[in-house]
Student: 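Just passing along the structure, written as structure tokens.
Here is how names work: the chains are called A, B, and so on, in the same order as the sequence lines, proteins then strands, and each is numbered from 1. What's counted below: heavy atoms across the whole structure, side chains too, no hydrogens, waters or symmetry copies.
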Amino acid sequence: MSAFVELRDVAKTYGLNPVLEDLTLSVDRGEILALVGENGAGKSTLMRIVGGYVPPTAGTALIDEHPLPATVQEAEDAGIVLIHQEFCLAPDLTVGENIFIGREPRRHLLVDYPKIRRESRLLLDALGSSADPCAKLSSLPNTEWQMVEVAKAFARNPKLLLMDEPTAVLGAREVEALFRRMRQFVSEGGSVIFTSHRLDEVKAIASRVAVLRDGRIRHVGPASDLTEDEMATLMVGRELSQLYPAKSAMPAGDVVLSVEDLHSPPHVSGVSFRLRRGEILGIAGLVGSGRTEAFEALAGLRPAQCRNFTLANAASGRLPTAREAWAAGLAYLTEDRKGKGLLLDAGLDENVSLTVGALRGRAWINRAEERGRLDQAVREFDIRRSAPDAIARSLSGGNQQKVLIAKTLASRPDVAIFDEPTRGVDIGSKQQIYRVIAGLAAQGAACVVISSEMQEVIGLAHRVLVMRKGSVAGELTGNDINESTIVRLAMGLTKEAA
Amino acid sequence: MNAAAADMPHRPWLGATKRLSALGPILALLALISIGSLLSDSFLSAGNLSNLLTRSAIVGIIAIGATYVITAGGLDLSVGSMSALIAGLVIMGMNAAGSSLGDSWLVVLIGIVLALALGVVAGTLNGILVVKGGIDAFIVTLGTMGIFRSVITWLSDGGSISLSSSLKGVARPLYYGSVAGVSYPLIAMIFLAVGAELVLRRARIGRHVTAIGSNPEVARYSAIRVHRVRILTYVFQGVCVALATMIYVPRLGAATPSTGLLWELEAIAAVIIGGTALKGGFGRIWGSIVGVLILGLIDNILNLTALASPYLNGAFQGIIIIIAVYLQKGRREV
Amino acid sequence: MNAAAADMPHRPWLGATKRLSALGPILALLALISIGSLLSDSFLSAGNLSNLLTRSAIVGIIAIGATYVITAGGLDLSVGSMSALIAGLVIMGMNAAGSSLGDSWLVVLIGIVLALALGVVAGTLNGILVVKGGIDAFIVTLGTMGIFRSVITWLSDGGSISLSSSLKGVARPLYYGSVAGVSYPLIAMIFLAVGAELVLRRARIGRHVTAIGSNPEVARYSAIRVHRVRILTYVFQGVCVALATMIYVPRLGAATPSTGLLWELEAIAAVIIGGTALKGGFGRIWGSIVGVLILGLIDNILNLTALASPYLNGAFQGIIIIIAVYLQKGRREV
Amino acid sequence: GKTIGISIPAATHGWTGGLNFQTKRTVEQMKKAFPDIEFVVAAANDASKQVNDVEDLVARGIDALVILPFESEPLTEPVKQAKAQGVFITTVDRGLAEEGIEDLYVGGNNPQYGVIAGQYFKKKFPDGAKIVVMRGIPTTIDNVRIDAFKKELEGSKVQILDMQFANWNPDKGFEVMQDFLQKFDAIDGVWAGDDDAALGAMEAIKQANRPKPIVVLGGSGMNKVVKMVKDGGGAVDADIFYPPTLIIPAIELTTMRAATQAPIRGRYILDSPLITKDNAEEFYFPDSPY
Ligand SMILES: Nc1ncnc2c1ncn2[C@@H]1O[C@H](COP(=O)(O)OP(=O)(O)OP(=O)(O)O)[C@@H](O)[C@H]1O
Ligand SMILES: Nc1ncnc2c1ncn2[C@@H]1O[C@H](COP(=O)(O)OP(=O)(O)OP(=O)(O)O)[C@@H](O)[C@H]1O
Ligand SMILES: [Mg+2]
Ligand SMILES: [Mg+2]
């Protein structure tokens with residue numbers, strides 16, 4: 001029996017840029033193939049080709065020995081469903097409507113809402129999500145959006161699921177539920193092509209791994225044959241040294257930020273902490289524990305009250321407005337790069353300089369300076385773009401994330417809050433980003449790292465706050481910073497530790 | 001376009017105030033009704049209310065279509081001219097039919113069918129130009145607005161096209177008739193509104209209309225026939241205009257180059273007053289109907305009470321419209 | 001609103017075709033010029049071109065402001081009425097000043113300062129209502145459109161407010177004067193356009209205008225003063241209207257309730273013809289100027305050549321506008 | 001050949017529609033009669049567009065200009081410029097703000113329009129009556145007519161209950177009349193100011209079904225209304241003559257002058273008499289669209 005999906009010598013060029021070349025790959029029924037590679041290696045492009053979104057420039061692609069469908073509709077009819085790297089949902093519709101969009105069950109000419117509700121419930125339950133099928137999507141946090149995306153894909157009765165970084169916005173618990181569902185799917189004969197930059201996940205779920213570099217397949221083989229380090233080396237094309245920079249000693253600098261009793265109803269209640277110069281403070285917690293909300297509130301981005309707020313160079317006492325926060329050296333890197341982070345249709349230089357220009361730019365823009373700033377960012381973060389004047393939208397997801405980090409740090413903040421800093425970023429770039437964070441701290445800035453990848457918090461932070469249900473469940477330092485303690489605190493299994 | 005609202009952070013947990021905001025247009029309506037009944041004794045008379053509701057049905061029915069178009073992220077500026085053109089052609093058609101068939105209801109029926117056909121054609125024209133031509137809806141419908149208006153002016157030679165007076169008698173009940181005190185136009189509007197609201201909320205096509213207004217990419221990625229749905233909204237708008245025209249024609253029995261002037265502005269304003277988002281993705285028919293009633297009420301009250309100089313009527317209208325919308329938006333962002 | 005374009009996949013790597021699309025409005029302009037010179041001998045005469053360019057300056061200057069407002073994701077429907085009101089008040093002010101200061105240039109200067117002050121006030125009113133009131137720009141400016149129009153109707157008692165005839169002579173050069181054959185209004189428009197284009201592309205505030213139109217949330221998260229920038233766009237629109245009015249006043253010497261009627265539609269149409277996105281986030285001033293010229297040319301050509309029944313002028317306009325926009329959109333999506 | 005430019009308001013309401021029609025018809029006739037004379041017609045929506053039109057016509061090289069100015073003040077200057085270029089000027093209906101620019105003036109009599117309407121109601125209701133008034137589009141003409149009307153009624157027993165703008169538009173006339181009928185229990189008459197608005201008012205009155213008939217007076221001589229007057233027995237028994245046909249002599253005389261160099265100049269005032277059953281035949285033009 002031949003393979004379920006078969007790609008032979010597939011190539012894709014955008015304009016003059018080759019993205020994929022001579023790509024040959026097959027996927028069998030009942031297997032999960034992981035596709036790994038650096039940012040911009042062409043993973044999403046490959047998925048889009050298989051999903052019928054873009055035609056390949058050359059080569060043959062077969063599914064079940066038939067040519068691949070040319071349109072999304074035909075692809076879906078053939079049972080090929082793509083979960084995009086970026087959300088593709090209608091925020092004004094309900095969860096159930098989103099799941100069944102375009103495939104609404106009908107009864108008496110009208111949409112069968114009871115059925116939608118019932119089946120959505122089942123689909124979501126299978127993913128361990130408790131989202132209400134009748135809730136408007138825009139009222140849910142991003143995690144739930146991702147679960148809705150996955151549920152939507154399963155609602156289409158797929159034979160082949162293309163999952164483009166489905167876990168990037170998920171926490172450990174959600175990832176586990178998702179994997180359970182995927183395993184069940186393949187055990188029933190389905191096939192999955194899956195990408196992720198979390199190599200431990202790849203190891204855990206994939207039966208085979210294909211490594212993509214510079215548009216070519218560099219390695220295909222059983223997942224069990226490769227260690228994470230080997231995968232990383234194959235991806236990046238060089239040996240990766242230590243992922244996390246060595247931790248400095250707990251810094252004893254002066255307090256630059258102190259917050260007492262921060263409230264931002266209904267997500268945040270009574271958060272207090274202090275932050276010292278040179279310190280990296282990790283924020284852990286389950287998805288939905290209010291981490292984003294708490295720090296957005298501090299950055300003046302959502303309404304909140306606070307008993308006392310002191311920031312080194314700001315008028316103290318009350319919370320700042322967004323602009324005051326930036327002006328006082330408090331930078332916030334948003335977790336929502338598409339909605340709040342980047343101007344997708346603007347150039348990269350414009351994006352990188354947007355905030356710093358708004359803060360300190362002169363009345364007239366200095367294009368040379370902006371280009372210089374971008375060039376520096378491209379070097380520092382290894383940003384891969386198709387053309388020097390590319391717009392942000394044309395970059396791969398991970399490269400967009402790097403632009404966003406460069407944009408946030410361009411203002412040289414004293415206090416930098418990183419919310420999910422490595423979302424969608426490849427392992428080599430992660431290493432670079434960690435170095436940058438550590439370097440920032442070493443130069444005397446204070447950093448906050450909010451992350452759903454617990455390893456990241458553990459690997460980077462001098463001190464960790466664990467949040468639970470909008471307040472601080474515990475603070476950990478030194479050797480207490482480990483997975484089990486964090487999880488116990490986050491789940492409310494331990495009383496406050498210190 | 002709703003700039004300020006977009007600047008605000010989303011605070012969807014404000015359940016209670018949100019529900020209050022949904023009532024915004026109704027609050028404005030109630031406030032106007034109270035003001036009206038305070039300022040004028042005749043305001044609450046059955047006759048006045050019936051007049052008001054019946055004549056609101058014309059723009060009301062158009063606004064129902066406009067709600068669909070706007071919810072799907074489009075815009076139609078041509079409705080007023082389209083109505084004038086359809087009125088002219090239908091009257092010509094009915095006169096011709098009447099001369100061979102006599103003054104029977106059949107002629108009126110022919111008129112209605114003709115109107116609907118013309119509405120479908122005009123709406124399809126708009127839709128195709130927007131979707132297949134890839135031209136901005138504002139420009140397309142601004143263009144067809146000029147075209148329709150020119151053609152009716154040309155057909156009528158600048159004057160009016162009148163229904164033959166015998167047919168006028170036959171068609172008259174379409175506007176003036178009533179069942180149990182409720183006029184036919186009002187009944188038509190209510191039925192259409194309820195149906196359209198039901199379809200918008202509960203039918204597949206309605207959800208697709210909302211989806212493509214909310215995020216056209218999603219719709220495309222979800223295998224919705226975005227083009228078809230978008231064209232259909234313009235076709236439905238055309239049908240609504242045709243229906244409204246069939247209420248309008250028997251009222252005065254004539255079409256002139258000034259028929260339907262500025263109805264597009266009235267319809268769009270009503271839709272937005274009613275809470276539909278101009279940028280698309282959220283629409284409510286009942287809100288648009290309330291919006292039309294608010295606009296009608298303002299005129300009515302200004303006519304019934306001699307407030308200030310009639311020169312200033314426009315200013316009162318402006319102020320009241322702003323306040324009416326503030327009532328809902330304001331609350332949404334408390 | 002640009003529905004079809006939004007449905008299309010973004011293909012930003014199409015650098016060359018994009019640049020071709022940028023030429024869209026210019027192609028349309030050139031086509032019109034060729035048609036004009038073919039159809040009429042007088043079309044290319046210096047006199048005719050000078051007339052055309054000079055009078056285009058009025059809506060042209062307004063369209064410059066409208067480009068800012070629309071690029072920032074807003075809309076201003078009140079510009080025409082605002083111009084009428086400013087014209088009326090400025091004429092009253094100048095008449096009053098003239099009666100005590102005599103017919104000197106000082107009076108004209110007072111008029112200009114007064115106009116600018118009024119423009120700033122009116123623009124600020126619009127801006128504050130949109131931003132602080134959180135009311136949809138369409139509704140706010142529809143409201144103030146009615147308010148401004150009513151007030152000028154009331155002030156003029158339905159008739160006209162005229163500049164005293166001696167002052168008219170003093171103010172006349174503002175419209176009719178020229179330097180080296182280039183009329184003052186044209187010079188004013190060119191300077192303003194170049195300055196505005198430069199600011200929009202190269203100044204910090206211009207970038208912020210584009211950013212808030214493109215994605216207000218991103219702007220807010222990037223330390224941009226979203227509210228202030230947005231208000232400023234409306235203020236700038238007010239200033240542009242004031243300047244346009246100071247060209248208009250010496251030309252007609254009077255303000256009436258019909259002054260500036262439908263200028264908003266003309267300005268918005270010109271902006272969109274010029275390639276600015278109605279949904280915000282991308283604007284180009286030169287495009288808007290080309291748009292105004294296209295609209296002016298259509299009128300001019302129709303006047304110079306007696307093509308068909310003047311009834312059908314509107315239809316020609318409509319068709320040409322649609323084609324002009326198709327020329328660019330069509331290309332963008334090859 | 002010579003070229004005659006004609007600048008008129010666009011068809012924004014019935015009367016101007018009629019004006020456009022008569023212009024077109026007259027131009028066609030004149031073209032037949034004088035094949036080597038060229039005509040260019042421009043219709044404007046407002047005064048500033050009309051100024052543009054005049055400029056364009058002059059740029060085109062016209063020899064004569066027939067103009068019905070939107071407003072007197074704004075058009076004075078451009079027409080004066082045209083005159084300075086040697087263009088023969090004919091103004092219709094409304095004069096310019098400065099004396100002596102036009103060579104020929106063909107006009108109606110707007111104050112008389114209001115006076116006639118006032119006299120009509122005084123004569124109709126010698127014992128007094130309560131009437132309502134519909135104004136037109138806010139313009140100087142409307143002011144002149146209404147002022148004359150009010151002045152004429154001063155001291156009479158005819159009382160004006162209310163005035164609202166109906167924009168010379170049948171739909172608006174219908175709505176305003178509906179509201180008047182709700183507001184006032186006793187209305188004896190309505191001056192609709194214009195036949196278009198009067199048609200709307202009549203429908204509203206018909207619908208209200210009042211026991212006592214309400215007298216409707218419109219104005220301007222729309223053929224439909226003149227026919228009603230002629231046939232008698234209906235709600236209207238009179239109309240005020242102020243027809244858009246006044247453009248006809250203006251164009252004809254100007255053409256004549258261009259063709260023959262006949263010494264045509266001066267003022268030609270059309271009266272605004274009251275049309276009644278007796279003289280209606282004289283004012284009835286069944287073929288006109290207005
Ligand atoms: N629409 C486009 N126009 C031009 N270039 C594009 C476009 N889409 C993708 N590319 C280019 O193709 C390359 C591959 O992009 P792709 O999104 O497939 O990468 P990826 O492997 O998914 O990366 P990531 O891990 O960051 O998601 C990138 O260099 C990107 O810039
Ligand atoms: N727009 C919203 N409307 C309503 N509730 C929301 C919204 N955004 C978030 N929430 C709720 O707020 C809580 C915290 O949200 P969120 O998931 O962003 O927190 P977080 O700790 O930052 O998690 P993450 O790891 O996803 O960043 C959750 O209970 C979520 O349901
Ligand atoms: Mg990708
Ligand atoms: Mg978060």
Side-chain angles (χ1 to χ4, degrees), chain A residues 48 51-53 71-77 81-84 86-94 96-113 116 135-141 149 152-153 155-156 264-267 293 296-297 300-304 322 339-340, chain B residues 2 5-19 22 70-73 194-229 275-284 332-334:
Chain A
R48 282 191 213 117
Y53 286 83
T71 67
V72 181
Q73 207 136 14
E74 286 167 29
E76 284 198 357
D77 291 343
V81 179
L82 170 57
I83 299 173
H84 291 263
E86 308 285 350
F87 293 125
C88 226
L89 297 169
D92 297 301
L93 300 187
T94 65
E97 285 169 343
N98 267 294
I99 291 176
F100 282 96
I101 191 169
R103 307 258 145 174
E104 296 85 353
R106 271 193 297 193
R107 222 175 107 213
H108 310 311
L109 292 174
L110 295 183
V111 174
D112 187 351
Y113 275 92
I116 285 194
K136 211 172 171 187
L137 186 74
S138 59
S139 71
L140 296 179
E149 286 272 20
K152 177 178 160 188
R156 275 143 214 260
S264 176
H267 306 301
E293 281 76 6
E296 280 192 347
L301 295 163
R302 56 172 67 226
K340 298 176 178 130
Chain B
N2 178 1
D7 293 353
M8 294 283 166
H10 248 282
R11 284 172 237 162
W13 61 90
L14 289 173
T17 41
K18 225 183 130 198
R19 248 163 279 136
I70 294 175
T71 301
V194 170
E197 184 85 85
L198 198 69
V199 169
L200 191 58
R201 307 232 160 283
R202 290 277 171 261
R204 220 185 233 188
I205 179 89
R207 299 330 289 157
H208 294 181
V209 166
T210 310
I212 69 179
S214 177
N215 184 346
E217 256 175 46
V218 182
R220 208 160 46 89
Y221 288 175
S222 309
I224 291 179
R225 297 194 183 83
V226 179
H227 284 189
R228 202 163 77 169
V229 173
T276 295
L278 187 51
K279 64 175 182 7
F282 175 74
R284 53 184 182 209
R332 191 178 287 171
E333 275 147 21
V334 166

Student: Where does A:Glu76 contact chain B at under 4.5 Å (heavy atoms): side chain, backbone, both or neither?
Tutor: side chain
Student: Does the salt bridge (Lys or Arg N to Asp or Glu O under 4.0 Å) test come out yes or no for A:Asp92 and B:Arg284, once each step is laid out?
Tutor: CA-CA 13 Å; A:Asp92 297 301; B:Arg284 53 184 182 209; over 6 Å; no
Student: For atom CZ of B:Arg225, decide whether the heavy atoms of other residues, nucleotides or ligands shown that lie under 6.0 angstrom number more than 12.
Tutor: no
Student: Is A:Leu89 in contact with chain B via its backbone, its side chain, both, or neither, using a 4.5 Å heavy-atom distance?
Tutor: backbone
Student: Against chain B, label A:Gln73 side chain, backbone, both or neither, depending on which of its atoms sit under 4.5 Å from a heavy atom there.
Tutor: both
Student: Report which part of A:Tyr53 has an atom under 4.5 Å of a heavy atom belonging to chain B: side chain, backbone, both, or neither.
Tutor: side chain
Student: Looking at chain B, which one of A:Asn98, A:Leu109, A:Val111 has the largest number of heavy-atom pairs inside 4.5 Å, strictly under?
Tutor: A:Val111
Student: Could you check whether any side-chain N or O of B:Glu197 sits under 3.5 Å from a backbone N or O of B:Gly195, counting only pairs where one atom can act as donor and the other as acceptor?
Tutor: no
Student: Just jot down the ring-ring contact (aromatic ring centres under 6.0 Å, His included) partners of A:Tyr113, sequence neighbours excluded, or say none.
Tutor: none
Student: Thinking salt bridges, do B:Arg207 and A:Asp112 make one under a 4.0 Å N-O criterion?
Tutor: no
Student: Sort out for me which of A:Gly102, A:Ala75, A:Cys88 touches chain B most, counting heavy-atom pairs under 4.5 Å.
Tutor: A:Cys88
